*Asks:* 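Okay, here's the structure, questions in a sec.
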Amino acid sequence: MGVLPLADGPVLRDLADARGITYGTAVTASKLTGTYGELAGAQFGSVTPGNEMKWASVEPTRGSYSWSGADRVVDFAAAHGQKVRGHTLVWHSQLPSWLTGGSFPPGELRTLMTDHIAVEAGRYKGRVDHWDVVNEPMNEDGSLRRSLWYEQLGESYLADAFRAARAADPDAKLYVNDYNTDGLGAKSDGLYNLVKRLLAQGVPIDGVGFQAHLIVGQVPSTLEANLKRFADLGVDVAITELDIRMALPATDAKLAQQKSDFTKVTTACLAVARCVGVTVWGFTDSDSWIPSTFPGQGAATPYDENFVPKPAHTGIAEALGWTGGGDPPPGSSCSVTYTVQNEWGNGFTAALTVRNTGTVPLDGWTATWSYGAGQQVTQAWNATVTQAATRVTAVNLAYNGTIPAGGSVNFGLNGSRSGTNPPPTGLLCTTGS
Ligand code: G3I
């Protein structure tokens with residue numbers, strides 16, 4: 001496992017970059033190795049910790065913090081040149097029992113909230129690009145949820161939370177995030193009016209996140225119009241927790257419908273200028289909350305449980321402009337090898353070979369990989385090589401983009417290093433210009 005799905009096919013993060021948006025995924029910190037880590041690093045431009053930044057995870061006992069999971073995700077993102085969506089500072093759920101079980105007077109509760117924000121957002125200052133400052137503040141009827149925060153502090157808890165987050169990390173984009181607010185309706189009307197009120201009070205709110213936990217065949221037809229009306233308030237918008245569940249077992253027909261649904265959501269974001277991106281809530285069916293919460297349902301993400309991309313993955317890629325072919329690209333595939341040829345004090349030379357392993361001529365190729373020990377490309381030949389943090393992308397030049405079936409092309413590079421020079425991870429070849 002691992003070789004097949006990484007060997008070829010579209011790379012969502014690159015396609016999304018080219019369209020000016022970010023395609024991200026929620027991740028589980030403890031799984032970020034092996035194929036899971038390689039795919040998370042190679043395919044996605046941002047990561048959101050699925051649970052590791054929630055209050056119960058970071059401060060299970062009052063005053064005693066546990067940052068290891070959250071740190072792991074933030075470090076992973078830095079190592080792979082990815083953004084981080086911080087999730088989440090103020091929510092009614094996954095709170096530690098010392099907080100839900102304590103009976104704090106309102107003044108103390110407000111200070112607990114703003115201190116928590118100062119500590120957590122302060123710790124990751126400059127390393128988290130977006131914060132879900134307040135998560136799920138709405139009821140289904142569009143009124144404010146009677147959470148611990150609202151019950152004790154009233155609506156002002158939202159303004160205080162955003163102000164505390166801005167003070168803790170002035171450069172992070174601050175979001176309110178909710179579910180069942182994806183299309184037009186009572187709940188999204190309530191959220192819209194809330195955001196409008198907050199903006200009118202000068203509350204530092206930069207964006208609205210739409211979770212988009214959807215059901216196959218039921219993408220709201222008003223999704224784009226809804227994103228647009230929020231954007232017209234002068235805030236960014238993002239799809240933050242996309243998954244599209246179905247009754248199991250998955251069939252070809254359901255997977256085809258799901259492909260069209262993922263395409264629709266991605267297209268809606270692309271159609272709204274202030275939509276900054278889409279995040280899937282887990283990229284593989286083996287790491288999705290759906291089966292445990294909705295028994296009998298699942299298959300909600302773009303990769304199956306064995307990390308094989310599903311039609312949904314192709315649908316996202318096509319929405320992002322991928323024209324590399326069908327599902328998988330017919331007869332078109334490539335592989336790439338990487339060999340260190342020479343090493344000296346603080347440098348090295350590597351030789352790479354791209355091979356056409358398909359049955360049709362290759363028209364354009366891209367090789368990508370990640371360095372794990374701080375290596376930095378300093379010079380390259382026979383390819384255009386760029387590096388963002390640890391992630392390297394090599395694209396063919398005009399004269400060596402076409403490779404006959406069975407043929408190969410060589411390119412090379414010089415790099416700097418400050419110690420050991422382990423081979424790169426996530427070495428991947430994709431076809432198409
Ligand atoms: O870590 C423990 C493990 O030690 C234990 O053996 C196991 C037994 O149940 O539970 C594990 O914790 C679970 C945790 O996920 C980590 O897997 C919790 O029970 C489970 O409740 C928790 O679920 C998370 C859920 O939020 C909680 O509400 C999901 O993973 C997470 O994907 C989900 O994410 C939320 C977003 O934050 C907000 N929007 C909705 C979304 C889906 O519910």
Side-chain angles (χ1 to χ4, degrees), residues 24-33 36 40 44 46-61 66-74 84-97 99-100 116-117 120-121 124 128 130-140 145 147-149 158 161 174-183 187-188 191 207-215 218 220 237-246 265 277-303 305:
T25 182
V27 293
T28 298
S30 60
K31 297 183 180 173
L32 285 169
T33 57
Y36 182 99
F44 297 95
S46 77
V47 287
T48 307
N51 287 295
E52 294 80 354
M53 285 184 168
K54 292 171 180 174
W55 201 325
S57 302
V58 302
E59 198 187 4
T61 307
S66 166
W67 301 109
S68 57
D71 283 355
R72 197 155 170 190
V73 175
V74 174
V84 177
R85 294 196 74 97
H87 177 79
T88 174
L89 295 170
V90 182
W91 192 22
H92 63 275
S93 181
Q94 286 178 284
L95 293 170
S97 53
L99 181 60
T100 51
H116 169 71
I117 294 169
E120 180 156 9
Y124 295 109
V128 165
H130 311 85
W131 269 111
D132 288 336
V133 176
V134 178
N135 196 38
E136 303 175 0
M138 307 309 300
N139 283 325
E140 295 303 304
R145 182 191 286 273
S147 65
L148 166 74
W149 309 110
L158 285 126
L174 307 181
Y175 277 62
V176 59
N177 189 53
D178 216 324
Y179 65 92
N180 282 353
T181 48
D182 315 306
K187 189 172 186 181
S188 69
L191 181 63
V208 180
F210 299 84
Q211 294 185 7
H213 293 293
L214 302 175
I215 298 171
Q218 296 182 29
V237 294
I239 305 290
T240 52
E241 304 186 12
L242 177 62
D243 48 27
I244 308 185
R245 61 187 183 267
M246 62 182 72
V265 175
V278 178
T279 293
V280 292
W281 203 245
F283 65 89
T284 156
D285 291 340
S286 64
D287 188 39
S288 169
W289 68 295
I290 297 291
S292 61
T293 306
F294 300 96
Q297 300 187 52
T301 80
Y303 284 83
E305 301 196 336

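Just so you know, ligand 1 is whichever comes first in the structure, and atom 1 is the first atom listed for that ligand. No experiment lies behind these values; they were computed from the predicted model shown.
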*Asks:* Taking salt bridge (Lys or Arg N to Asp or Glu O under 4.0 Å) as the test, write out the residues that go with Lys187, two or more places apart.
*Replies:*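 Salt bridge (Lys or Arg N to Asp or Glu O under 4.0 Å) check on Lys187 returns Glu140, Asp178.
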*Asks:* Determine whether Pro220 and Leu214 make a side-chain contact, defined as any pair of heavy atoms from C-beta on separated by less than 4.5 Å.
*Replies:*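 The answer is yes; the side chains approach within 4.5 Å.
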*Asks:* My understanding is that only one of Leu32, Thr33, Thr28 makes a side-chain contact (heavy atoms from CB on, under 4.5 Å) with Ser30; could you say which?
*Replies:*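 The option that passes is Thr28.
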*Asks:* With sequence neighbours excluded, tell me which residues meet side-chain contact (heavy atoms from CB on, under 4.5 Å) with Thr100.
*Replies:*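 Only Leu95, Ser97 meet the side-chain contact (heavy atoms from CB on, under 4.5 Å) criterion with Thr100.
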*Asks:* Take the angle between the ring planes of His130 and Tyr175 and call it parallel below 30°, perpendicular above 60°, tilted in between.
*Replies:*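 Correct class here is perpendicular.
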*Asks:* Does Asp285 have any salt bridge (Lys or Arg N to Asp or Glu O under 4.0 Å) partners at least two apart in sequence or in another chain, and if so, which?
*Replies:*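 Listed in chain order: Lys310.
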*Asks:* When you look for protein heavy atoms under 4.0 Å from ligand 1, which residues do they belong to?
*Replies:*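 Heavy-atom contacts below 4.0 Å: Asn51, Lys54, His87, Trp91, Gln94, Asn135, Glu136, Gln211, His213, Glu241, Trp281, Trp289.
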